[in-house]
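Quick notes on the structure that follows.
These numbers come from a predicted model, not from an experiment. Values below: all heavy atoms of this structure, side chains included; hydrogens, waters and symmetry mates excluded.
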Amino acid sequence: MTFPGPLLESREFGDWRIHAIQASGQQLDGGAMFGVVPKPLWERRLPADKRNRIQLGMRCLLIEHGSELVLIDTGVGNKESAKFHEIYGIENRTPGTPDDGSLALLEGMREAGFGPDDITVVINTHLHFDHAGGNTSVGAEGQVSPTFPNATYVVQQGELDFATNANERTSASYFPANWDSIRLAKKLKTVKGDMELYPGISLRRTPGHTPHHQSVILRSGGETSCFLGDLVPTAHHLPLPWIMGYDVEPLVTLETKRRLLGEALDENWLLIFEHDAHHGFGRLAHDGKNFALTLEPRAETA
């Protein structure tokens with residue numbers, strides 16, 4: 001498959017400027033991505049390759065917020081092996097370059113006018129490797145250190161506890177190298193429950209995918225947006241029962257989606273999809289049976 005879409009989409013959002021960056025592409029098994037939904041249904045929306053994999057993205061969000069430069073999620077990073085990248089379908093968008101998940105994120109940041117030292121806050125929706133792997137980077141001598149040395153990293157305390165006490169079901173998704181050096185540098189901030197982190201930037205617990213997963217709600221200039229994380233990974237997961245097989249509490253996901261999407265529909269939120277390779281932004285509609293997406297015009301691209 002050829003990874004589609006732009007590296008960088010930038011837009012004005014209220015009084016802020018935001019930048020959606022595709023940290024890399026990803027190809028995962030369609031059955032795992034859609035759980036109990038039969039293949040004849042999901043394949044109409046996302047055709048699978050001969051290995052039953054569907055094309056996904058790995059979108060991170062950069063927010064220019066006054067004196068703060070906030071990054072939500074960090075992609076897969078550069079620490080994993082070529083074998084790992086093959087298993088999980090990690091692909092760089094730049095032909096001829098290594099499948100290094102950190103390259104596209106940093107390239108997109110540069111195109112937006114920023115470098116790693118400029119980031120002051122990193123918010124992790126959760127600590128799975130494809131959302132927190134870019135938190136840290138491996139150097140030329142093999143040492144692992146925070147990718148964004150001037151940033152405070154923010155995650156739910158319950159998520160950190162869940163990640164550091166992984167079991168046979170969850171350990172394949174949680175790698176301590178993605179947060180250990182941050183804790184050592186005293187750059188990791190944990191929070192408990194819903195809160196406003198900065199004016200207009202709020203953390204909302206959205207459990208189900210993991211018990212302490214969080215989404216990020218943005219409010220500026222009369223506009224509201226939500227970075228969904230893995231609650232609704234792609235626009236194709238908007239129907240309430242279309243839930244990933246990766247979710248550890250799928251029935252909790254169902255009720256979390258019902259509440260959050262109802263709120264988003266009522267208030268006409270702008271939704272941002274992390275794993276959708278084609279659709280970054282959209283607003284909700286409802287056809288009387290299911291939620292559906294009204295696409296936003298594509299933002300400025302680079």
Would you say the side-chain atoms of [X] and [Y] include a donor-acceptor pair closer than 3.5 Å?
| X | Y | value |
| --- | --- | --- |
| H131 | D230 | yes |
| Q157 | H212 | no |
| N135 | N178 | no |

Salt bridge (Lys or Arg N to Asp or Glu O under 4.0 Å) partners of residues 135-157, not counting sequence neighbours, each pair once: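 Those involving residues 135-157 do not exist here.
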Tell me, which pairs form a salt bridge (Lys or Arg N to Asp or Glu O under 4.0 Å) where one or both residues lie in residues 178-192, sequence neighbours left out?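 Non-adjacent pairs meeting salt bridge (Lys or Arg N to Asp or Glu O under 4.0 Å): zero.
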Validation row, ring centre H275 to ring centre H236 under 6.0 Å: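 Here the rings of H236 and H275 have centres that are no less than 6.0 Å from each other.
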If only atom types and distance count, is the side chain of [X] paired as donor or acceptor with the main-chain N or O of [Y] below 3.5 Å?
| X | Y | value |
| --- | --- | --- |
| T256 | P207 | yes |
| T170 | A166 | no |
| Q214 | N124 | yes |

Ion pair present between E255 and R258, side-chain N to carboxylate O less than 4.0 angstrom?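 Result for this pair is yes, salt bridge flagged.
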Do F273 and L238 pass the side-chain contact (heavy atoms from CB on, under 4.5 Å) test, and can you show the C-alpha distance, the side-chain angles, and the key distance before you say yes or no? CA-CA 10 Å; F273 299 96; L238 284 172; 4.2 Å; yes
Are the side chains of I201 and W16 in touch, meaning some heavy atoms are under 4.5 Å apart?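 In short, these two side chains touch, coming nearer than 4.5 Å.
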Which atom of [X] lies closest to which atom of [Y], heavy atoms considered:
| X | Y | value |
| --- | --- | --- |
| V76 | S24 | CG1-OG, 4.5 Å |
| F13 | L270 | CD1-CD2, 4.4 Å |
| L260 | C226 | CD2-SG, 4.0 Å |
| A23 | C60 | CB-SG, 3.9 Å |
| V37 | L41 | CG1-CB, 4.0 Å |
| R59 | A20 | CD-CB, 3.8 Å |

Go through the steps to decide whether L46 and F34 satisfy the test side-chain contact (heavy atoms from CB on, under 4.5 Å), and finish with yes or no. CA-CA 11 Å; L46 280 175; F34 287 102; 4.1 Å; yes
Taking side-chain contact (heavy atoms from CB on, under 4.5 Å) as the criterion, tell me which of V70, L61, L197, I72 meets it with V216.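 Answer after filtering V70, L61, L197, I72: I72.
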